[in-house]
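In listed order, ligands and their atoms are each counted from 1.
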Amino acid sequence: MSRIDPLPPLREVIDRFDLRAKKALGQNFLLDLNLTARIARAAGDLKGSDILEVGPGPGGLTRGLLAEGARKVLAIEKDARCLPALAEIAAAYPGRLTVLEGDALQIDPLTHLTPPIKICANLPYNVGTELLVRWLTPPQWPPVWSSLTLMFQKEVAQRITARPGSKAYGRLAILAQWRCDARIVLTLPPGAFSPPPKVESAVVHLTALPEPRFEADPTVLERVVAAAFNQRRKMLRASLKGLDPAIGARLERLGIRPTARAEEIDLEAFCRLARDFG
Ligand code: SAM
């Protein structure tokens, strides 16, 4: 019995179901249930919310989410070996946990959930960024989810929350911060996981804003930002030349220095530029 629920400790679960971690599935498990409950709390008040969890594995975070009062958890797990362990959790929380076996890149279960919806996951590193980008680019804004609480490699977490002027600032920061508040809420050393990964990890909490911080067409903004950061060492007058041969004059008119580099340009200026390309 653990401190957060009447279920057995995770080490025992892993031994009993022989859940040896597979590197190809990005399996680094969290075994400390106090820690998983803390991550669940970082997602905010869970009572009255449905939660989507990707990659529950042996269920450490799942148990944290349920113990912290989630109305319902829908978990997608690719590794069938984990299903019996997850079934035990479902039995301990009748009617509150549904597990889908499959690839989160192929299944989109958000429509099966009832708002308010929060997404909370210790993501498999190999698909984490791709899932984040999908969640941040839904067909309509605001999205169906109200917040994302996600574990990443610390370096990725820094790229999501980076401010202009830093090395980590780029497309991901702009994509995330244009329509969300994004902050790192917890940093974890490799030793928090079993097996320990090579690098530190961090939990990022993103809250969806009701509308974008600054007006811009998403496709145009993405095109401008991609062009600027694809050649991030170049000055904007060179990196954006492909979008407009007379880019220098356009930038001057918009009050943006043509000799600046992409990492010096804040979100507002990128949106100003995107609106001008309209
Ligand atoms: N949530 C557990 C924890 O915190 O201990 C496990 C986290 S582990 C970093 C990532 C989990 O995602 C593994 O259980 C792995 O099998 C699963 N996974 C990997 N790729 C997946 C995919 N494409 N779709 C769904 N689950 C996936």
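For R183, the CZ atom is loosely surrounded, since the number of other residues' heavy atoms within 6.0 Å does not exceed 12.
Ring pair Y169/F229: centre-to-centre distance below 6.0 Å.
Here side-chain hydrogen bond (donor to acceptor under 3.5 Å, both in side chains) pairs that include residues 268-278, with residues two or more places apart or in two chains, are R250-D276, R253-D276, E268-R272.
The side-chain hydrogen bond (donor to acceptor under 3.5 Å, both in side chains) check on R71 picks up D50, with sequence neighbours excluded.
For a heavy-atom separation below 4.0 Å, the residues in contact with ligand 1 are L25, G26, Q27, N28, F29, L30, E53, G55, P56, G57, I76, E77, K78, D79, G102, D103, A104, N122, L123, P124.
Under the 4.5 angstrom side-chain criterion for Ile, Leu, Val, Met, Phe, Trp and Tyr, V199 has no cluster partners at all.
Hydrophobic clustering, with ILVMFWY side chains joined whenever heavy atoms are under 4.5 angstrom apart, groups L132 together with I184.
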